[in-house]
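These notes are about the structure you will find just below.
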Amino acid sequence: MPKRSKKAKSSTLYSPLIMYQPVCDAIALILQPYAEVVLHHVESETISYIANNFSKRDVGEPSHLHEIDFKPDDRTIGPYEKVNFDGRRVKSVSAVIRGSDDRPVAVLCINIDVSHIQSAIQVLSAMSTVSIDEGKPAALFKEDWHERINEYVHGWTAKRKVPIGNLTRAQKQELVRELAEDGAFSGKHAAAYISKILQVGRATVYNYLRDLK
């Protein structure tokens, strides 16, 4: 279960808001350990409840609702960004809870720790980046017609903004023609390889080539 403030378990402050505590727990639980959910009491502008407390605040502390630019006619606020006490970046969104008279009685804030996501993005970016200066090893790719065909087909489909699986018969014929003109079929078994890429039979590729003559 998400961590609760010690005061949250026993506090009877703002008893009308007690019904929302399981909602806070449920949100924090489904997103654990990355979400903290804070329930603010509007009238007193203090914290009424905290689930999975990672901001080190306590129930009864001032809410500082002005920091999220709270206005009485708001329904939702955000998303907006904050910085936790330990420097972690937090993405937040707030929902205004209203009573039967439509007056705001509470603000439920969901704070997501996105520092882990940002770190993962940095790692993936570093791992996926290839130095332009290094380029491709000439000896390795000199005779790699598979690589050349892959790049050609990818560039061809990207230019036309259509995935390979959605190519029409006419487009496949055009692609085979251009591949043939650029010498793609000079490699051994190239026709078989191209037929796999285009998701057609090898005989179909040969028919396309025959029609070019």
Side-chain angles (χ1 to χ4, degrees), residues 27-37 52 54 68-69 75-84 86-95 109-213:
I27 295 171
L29 183 61
I30 195 65
L31 297 174
Q32 71 174 343
Y34 304 110
E36 171 191 75
V37 185
N52 191 34
F54 58 59
I68 61 174
D69 196 26
R75 297 289 173 173
T76 58
I77 307 167
Y80 51 93
E81 187 178 58
K82 300 191 298 183
V83 179
N84 201 29
D86 54 6
R88 289 181 293 172
R89 306 205 73 79
V90 177
K91 182 178 181 181
S92 304
V93 66
S94 300
C109 295
I110 304 171
N111 303 317
I112 304 292
D113 176 7
V114 296
S115 61
H116 301 283
I117 299 175
Q118 291 174 334
S119 297
I121 291 173
Q122 291 174 355
V123 171
L124 292 173
S125 177
M127 293 180 65
S128 63
T129 300
V130 178
S131 173
I132 296 177
D133 293 335
E134 294 178 4
K136 297 178 180 178
L140 179 61
F141 288 96
K142 182 178 180 181
E143 299 300 332
D144 191 351
W145 54 266
H146 294 86
E147 175 73 10
R148 294 200 303 274
I149 290 174
N150 291 344
E151 290 185 349
Y152 192 103
V153 172
H154 174 73
W156 197 94
T157 54
K159 184 178 180 180
R160 290 159 179 78
K161 298 180 180 180
V162 57
I164 293 176
N166 291 346
L167 291 175
T168 64
R169 184 174 185 276
Q171 287 174 322
K172 290 177 181 179
Q173 287 177 311
E174 181 184 356
L175 177 54
V176 167
R177 176 181 61 78
E178 294 185 16
L179 283 167
E181 290 175 351
D182 286 349
F185 289 91
S186 60
K188 189 177 181 180
H189 306 304
Y193 184 70
I194 291 173
S195 70
K196 292 179 182 179
I197 293 178
L198 298 183
Q199 302 171 23
V200 298
R202 185 167 51 180
T204 300
V205 172
Y206 284 128
N207 288 335
Y208 291 164
L209 291 172
R210 188 181 63 241
D211 292 342
L212 298 176
K213 297 179 180 178

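Quick note: residue numbers are just sequence positions, from 1. Side-chain atoms are counted along with the backbone in the values below, which use heavy atoms only and exclude waters and symmetry mates.
- Inter-residue side-chain proximity for V37 and N52 is flagged as unmet; no heavy-atom pair is nearer than 4.5 Å.
- Taking both residues in full, the closest heavy atoms of Q171 and T168 are given as OE1-N, 2.9 Å, listed atom of the first, atom of the second, then distance.
- Between V90 and V114 the shortest side-chain heavy-atom distance does not fall below 4.5 Å.
- Side chain to side chain, S195 and Y206 fail the donor-acceptor criterion of an N or O pair below 3.5 Å.
- The main-chain N or O of V162 is never found under 3.5 Å from a side-chain atom of N166 such that the two would form a donor-acceptor pair.
- A donor-acceptor pair under 3.5 Å is formed between the side chain of D113 and the backbone N or O of S115.
- A donor and an acceptor atom, one from each side chain of Y34 and N111, are nowhere located under 3.5 Å apart.
- Under the 3.5 Å distance criterion, the side-chain polar atoms of T204 are left unmatched by any main-chain donor or acceptor of V200.
- Salt bridge annotation for R160-E174: present, with a cationic side-chain nitrogen under 4.0 angstrom from a carboxylate oxygen.
- K82 contributes no side-chain N or O that, together with a main-chain N or O of K91, makes up a donor-acceptor pair within less than 3.5 Å.
- Here the CG atom belonging to L179 is positioned 5.0 Å from the CD1 atom belonging to I194, to the nearest 0.5 angstrom.
- Separation of atoms CD1 (I164) and CH2 (W156) is listed at 10.0 Å; rounding is to 0.5 Å.
- Listed for the N84 side chain is a donor-acceptor partner under 3.5 Å among the backbone atoms of F54.
- Under a 3.5 Å cut-off, the side chain of E178 and the backbone N or O of L175 do not form any donor-acceptor pair.
- To the nearest 0.5 angstrom, R148 atom CZ is 10.5 Å from D182 atom CG.
- The two residues A184 and I149 make their nearest non-hydrogen contact at O-CD1, 3.9 Å.
- For the pair F185 and V205, the minimum side-chain heavy-atom distance is below 4.5 Å.
- Taking each heavy atom of I112 and A35 in turn, the nearest pair found is CD1-CB, 3.5 Å.
- Proximity of I27 to I110: side-chain heavy atoms (C-beta onward) are separated by under 4.5 Å at one or more points.
- For CZ of R177, the number of neighbouring non-hydrogen atoms (other residues, nucleotides, ligands) closer than 6.0 Å is greater than 12.
- Y193 OH to R202 CZ: the interatomic distance, rounded to the nearest 0.5 Å, is 15.5 Å.
- In this structure, CD on Q173 lies 11.5 Å from CG on L167, to the nearest 0.5 angstrom.
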